[in-house]
Amino acid sequence: MGRRNKAYHKDLHQQAYERLTSMQAFGESRKEAKANGTDKDKIFSFSTYQSYWKHTKYFIKYIKEHHPECTTLKSARKYVNEWLQGGVDRGLSAWTVGVQRSAMGKLYGISPDDEDFFKAPKKERENIKRSRGDRDKHFSKTNNDGLIKFCQGTGLRRKELEELRGKDLVTREQIEAELSQLESRPAEELTPADTKRLEMLQDALLFPEGYFTHVRNGKGGRERLSPIIGPNAGQIIERILNTPAEEKVWQHVHKSADIHGYRAEYATVIYKANAREIKDIPYDRVNKGTGHRYQSEVYTCRKDESGRKLDKAAMLVCSKALGHNRIDVVANNYIRDL
């Protein structure tokens with residue numbers, strides 16, 4: 001019988017790596033996992049896994065430098081709040097600290113509402129604008145004019161932009177033809193994949209535009225068709241058309257480009273194109289408590305935008321173009337300067 005080598009042990013890096021990789025559940029249903037209570041031990045998106053692993057490595061580096069006596073994840077657990085607070089003290093944005101907190105929560109199985117868990121600073125819209133704008137210090141808008149116009153007209157995320165290929169231009173006629181074919185089939189013959197495809201095509205026809213970018217693998221693995229909009233649509237379409245099917249439309253995306261800012265401009269244009277005047281939205285519901293009528297189709301913003309009202313229907317259309325499924329994300333992070 002072999003004798004175990006007691007001198008051997010896994011270092012913190014290996015322990016954390018094995019912990020996070022054991023949670024990989026790419027492609028599984030988050031909704032089903034929540035229903036059966038297993039979602040806390042799973043990571044459903046590869047991009048989320050990459051982000052958590054990146055910040056976990058920062059934490060491990062901190063432990064090795066400041067608490068070298070900790071050789072196990074269990075012993076390092078008590079320094080999580082200290083590390084997160086250090087990020088705040090160094091001036092990290094509320095969003096970065098929030099991601100780091102989520103990574104630690106996943107690594108250690110800490111509930112977000114645990115009273116003893118570090119309380120991340122609030123995320124304010126004004127901080128998004130400031131932090132994004134700082135990137136332009138090392139970014140020439142003149143030299144990157146084509147990239148800026150492309151982003152403003154497509155609303156793609158950085159990763160989506162980097163992965164876009166010549167074959168990913170889709171016309172309205174193509175969408176209508178495929179939609180007609182799917183809708184002509186009996187519902188019982190449609191596979192789950194067919195049904196999902198059908199929904200995506202129907203969402204695309206919410207927009208009047210004639211050309212769309214096909215995002216094959218967006219955030220959370222979601223697929224979508226986003227309309228190409230604005231005065232530079234012709235230039236954008238021409239660039240994609242002139243790119244061979246399997247080649248990338250953009251071989252290089254400048255690291256200092258304010259992709260989120262351009263995406264917000266795209267979202268705001270779409271919202272404005274679809275939004276009704278708030279006063280024209282009917283008072284269609286009655287509050288059971290007060291008996292007062294209210295507008296169920298009006299979204300009231302909170303926090304630093306408290307009191308501002310938005311059209312929920314237009315927000316939903318906007319979220320479809322961006323690849324989100326929650327209208328509050330659109331309100332809090334994208335729609336600006338109304």
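Given the structure is predicted, the values throughout are model-derived calculations rather than measurements. Numbers here are sequence positions counted from 1.
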Query raised in the report: Could you go step by step and tell me if S226 and T154 meet the side-chain contact (heavy atoms from CB on, under 4.5 Å) rule?
Result: CA-CA 7 Å; S226 290; T154 60; over 6 Å; no

Report task. Check step by step if side-chain contact (heavy atoms from CB on, under 4.5 Å) holds for F46 and N217. Result -> CA-CA 11 Å; F46 179 66; N217 185 26; over 6 Å; no

Query raised in the report: So, K312 side chain and S296 main chain: donor-acceptor pair closer than 3.5 Å or not?
Result: yes

Requested in this report: Can you establish whether the number of heavy atoms outside Q181 located under 6.0 Å from its atom CD is more than 12?
Outcome: no

Query raised in the report: If we only count heavy atoms from C-beta on, is the R158 to H260 side-chain gap below 4.5 Å?
Result: no

Report task. Evaluate whether atom NZ of K119 has more than 12 neighbouring non-hydrogen atoms of other residues, nucleotides or ligands under 6.0 angstrom away. Result -> yes

Query - Side-chain heavy atoms of F59 within contact of Q100, under 4.5 Å - result: no

**Report entry** Verdict with supporting geometry, D168 and R216, salt bridge (charged side-chain N to carboxylate O under 4.0 Å, His left out)
**Finding:** CA-CA 8 Å; D168 294 329; R216 300 174 184 274; 2.5 Å; yes

Requested in this report: Tell me, please, whether F117 has R101 positioned over its six-membered ring: NZ or CZ under 6.0 Å from the ring centre and within 45 degrees of its axis?
Outcome: yes

Query raised in the report: Is there side-chain contact between F207 and I270, with at least one heavy-atom pair below 4.5 Å?
Result: yes

Query raised in the report: Do you know the tightest heavy-atom contact between E160 and K219?
Result: OE2-N, 3.9 Å

Requested in this report: Step through the shown structure and confirm whether more than 12 heavy atoms of other residues, nucleotides or ligands are within 6.0 Å of OH on Y283.
Outcome: no

Query raised in the report: Around E188, counting heavy atoms of other residues, nucleotides and ligands shown, do more than 12 lie under 6.0 Å from its CD?
Result: yes

Report summary line: OH (Y108) and OG1 (T56) are apart, to the nearest 0.5 Å, by 9.0 Å

Query raised in the report: How many angstroms lie between CG in D311 and CD in Q295, if you round to the nearest 0.5 Å?
Result: 9.5 Å

Report task. Would you tell me whether N36 and E32 have side-chain atoms, one donor and one acceptor, within less than 3.5 Å of each other? Result -> no

Report task. Just do the side-chain contact (heavy atoms from CB on, under 4.5 Å) check on Y294 and T300 with the steps written out, would you? Result -> CA-CA 12 Å; Y294 67 95; T300 302; over 6 Å; no

Query - salt bridge (charged side-chain N to carboxylate O under 4.0 Å, His left out) partners of R326, counting only residues at least two apart - result: D328

Query raised in the report: Side chains of V298 and L310: does their closest heavy-atom pair fall under 4.5 Å?
Result: no

**Report entry** Residue pair Q174 / E178, side-chain donor-acceptor N/O under 3.5 Å
**Finding:** no

Query - Single-linkage hydrophobic cluster M23~V99, side-chain heavy atoms < 4.5 angstrom - result: no

Query raised in the report: Minimum heavy-atom separation for M315 to A331, with atom names?
Result: CE-CB, 3.6 Å

Requested in this report: Report the distance from atom CD1 of I240 to atom CD1 of I236, rounding to the nearest 0.5 Å.
Outcome: 7.5 Å

Query raised in the report: Do you know the tightest heavy-atom contact between A313 and R276?
Result: CB-NH2, 3.8 Å

Query raised in the report: Using a distance-only test with no angle check, is there a side-chain donor-acceptor pair under 3.5 angstrom linking T142 and S140?
Result: no

Query raised in the report: Does any non-hydrogen side-chain atom of K320 lie less than 4.5 Å from one of R224?
Result: no

**Report entry** ILVMFWY network linking V88 to W95, side-chain heavy atoms under 4.5 angstrom
**Finding:** no

Report summary line: Interatomic distance, OH@Y266 vs CD1@I228, rounded to 0.5 Å, equals 8.5 Å

**Report entry** Connected via hydrophobic side-chain network under 4.5 Å: F26 and F44
**Finding:** no

**Report entry** Nearest-0.5 Å distance that lies between atom CG in L20 and atom CG in L107
**Finding:** 5.5 Å

Query - Pair R197 + E199, salt bridge at N-O below 4.0 Å - result: no

**Report entry** Test log, rule side-chain contact (heavy atoms from CB on, under 4.5 Å), inputs W83 and F118
**Finding:** CA-CA 10 Å; W83 175 66; F118 177 79; over 6 Å; no

Query - Any donor-acceptor pair under 3.5 Å from Q15 side chain to K10 backbone - result: yes

**Report entry** Plane angle bin for H324 and Y334 - parallel if under 30°, tilted between 30 and 60°, otherwise perpendicular
**Finding:** tilted

**Report entry** Basic-acidic side-chain contact under 4.0 Å: E246, K167
**Finding:** yes

**Report entry** Heavy-atom side-chain proximity of L205 to R172 below 4.5 angstrom
**Finding:** yes

Query raised in the report: Going by atom types alone, do T191 and D194 pair a side-chain donor with an acceptor below 3.5 Å?
Result: yes

Query - Heavy-atom neighbours of Y17 OH exceed 12 at 6.0 Å - result: no

Query raised in the report: Around atom NZ of K78, are there more than 12 heavy atoms of other residues, nucleotides or ligands at under 6.0 Å?
Result: yes

Query raised in the report: Taking a hydrophobic cluster as the set of Ile, Leu, Val, Met, Phe, Trp and Tyr residues connected by side-chain heavy atoms closer than 4.5 Å, whether directly or through intermediates, do Y58 and I110 fall within one such cluster?
Result: yes

Query raised in the report: Looking at E162 and V253, what are the two nearest heavy atoms and their distance?
Result: CG-CG2, 3.7 Å

Query raised in the report: Given the rule that I, L, V, M, F, W and Y join up when any side-chain heavy atoms are under 4.5 Å apart, are V269 and I327 in one cluster?
Result: yes

Query - C151 vs L161 side-chain heavy atoms within contact, under 4.5 Å - result: yes

**Report entry** Donor-acceptor contact below 3.5 Å, side chain E209 vs main chain G230
**Finding:** no

Requested in this report: Using only heavy-atom distances, determine whether the side chains of E82 and H66 contain a donor-acceptor pair under 3.5 Å.
Outcome: no

**Report entry** Heavy-atom closest contact (H55 atom, A103 atom, distance)
**Finding:** CB-CB, 4.3 Å

Report task. Check step by step if salt bridge (charged side-chain N to carboxylate O under 4.0 Å, His left out) holds for R165 and E163. Result -> CA-CA 6 Å; R165 299 175 188 273; E163 292 300 319; 3.7 Å; yes

Requested in this report: Spell out, as yes or no, whether a donor-acceptor pair under 3.5 Å connects the side chain of S319 to the backbone of L316.
Outcome: yes

Query raised in the report: Is there side-chain contact between L225 and L201, with at least one heavy-atom pair below 4.5 Å?
Result: yes

Query - Main-chain N/O of A264 paired with T268 side-chain donor or acceptor, under 3.5 Å - result: yes

**Report entry** Which atom of L190 lies closest to which atom of L182, heavy atoms considered
**Finding:** CD2-O, 4.0 Å

Requested in this report: Could you tell me whether a side-chain N or O of S180 sits under 3.5 Å from a main-chain N or O of A177, the two making a donor and an acceptor?
Outcome: no

Query raised in the report: Hey, is the main chain of D116 close enough, under 3.5 Å, to the side chain of N81 for a donor-acceptor pair?
Result: yes

Report summary line: One should read off an interatomic distance between H254 NE2 and L147 CG, to the nearest 0.5 angstrom, of 9.5 Å

Query - R308 side chain to C301 backbone, donor-acceptor under 3.5 Å - result: no

